[in-house]
Amino acid sequence: SKVEEEIGTLRQVLAAKERHCGELKRKLGLTPLDGLKQNLSKSWHDVQVSNAYVKTSEKLGEWNDKVTQSDFYKKTQETLSQAGQKTSAALSNVGSVISRKLGDMSSYSIRHSISMPAMRNSATFKSFEDRVGTIKSRVVGSRENSTDGLHSPSGAGEKPPQDNAPF
């Protein structure tokens, strides 16, 4: 019973010291997150100096040296390096061609390029023009057919003037 009494006393002393430690940490501005960071750092340090970690690191270092010194690794590295250089050159050429084409296109005004017959007769332009026309007719049509009492700015009951521009 005397041992159990001493254990109880030690628990009370330990609890008092933990409270005092918590108060000091609070006064110093230390947060529980700081304590967690410190515990993780200490644990990671302990792992790094452990025999298992040191032996594993040494073994992996040896394997790395053997692999990087092998002919297969050197040939693969050389091949991948050449492929990367060729890919980089090809992408650079593509970028140059695109930049040149965009530069050529920017020398014409938008109005000029729209009025060019070759462009206006292309399938892409006609498809684009059809879609814009469809969207325009839906918007204008919904205004004309609306029953919410809103009127067009051109006057009550009048149709808006027809616009024959491509846009």
**Request:** May I have all residue pairs that pass salt bridge (Lys or Arg N to Asp or Glu O under 4.0 Å) and include part of residues 75-92, sequence neighbours excluded?
**Result:** none
**Request:** Sort and list the pairs that fulfil salt bridge (Lys or Arg N to Asp or Glu O under 4.0 Å) and have at least one residue in residues 13-37, not counting sequence neighbours.
**Result:** none
**Asked** salt bridge (Lys or Arg N to Asp or Glu O under 4.0 Å) with Glu62: which residues, sequence neighbours excluded?
**Response** Lys59
**Item:** Linked hydrophobic residues, Val49 as query - side chain contacts closer than 4.5 Å
**Value:** none
Please tabulate, one pair per line, all N/O donor-acceptor pairs under 3.5 Å involving side-chain atoms of residues 3-15, not counting sequence neighbours.
from, atom 1, to, atom 2, distance (Å)
Thr9, OG1, Glu5, O, 3.0

**Item:** Transitive ILVMFWY cluster of Leu30, excluding itself - 4.5 Å side-chain cut-off
**Value:** Leu28
**Request:** Could you tell me which residues satisfy side-chain hydrogen bond (donor to acceptor under 3.5 Å, both in side chains) with Ser41, sequence neighbours excluded, listed by chain and number?
**Result:** none
**Message:** Under the rule for side-chain contact (heavy atoms from CB on, under 4.5 Å), what residues qualify as partners of Lys74, not counting sequence neighbours?
**Reply:** Gln69
**Message:** List the residues meeting side-chain contact (heavy atoms from CB on, under 4.5 Å) with Lys42, not counting sequence neighbours, and say none if there are none.
**Reply:** Asp46
**Prompt:** Other than Leu60, which residues form its hydrophobic cluster under the rule that side-chain heavy atoms must be closer than 4.5 Å?
**Reply:** Trp63
**Message:** Under the rule for side-chain contact (heavy atoms from CB on, under 4.5 Å), what residues qualify as partners of Thr68, not counting sequence neighbours?
**Reply:** Asn64, Tyr73
**Request:** Report the residues that fulfil side-chain contact (heavy atoms from CB on, under 4.5 Å) with Val47, sequence neighbours left out, ordered by chain and then residue number.
**Result:** Trp44, Tyr53
**Prompt:** What closest approach, in Å, do Ser70 and Val67 show between heavy atoms, and which atom pair accounts for it?
**Reply:** OG-O, 2.8 Å
**Asked** Under 3.5 Å, side chain of Ser92 to main-chain N/O of Ser88, donor-acceptor pair present?
**Response** no
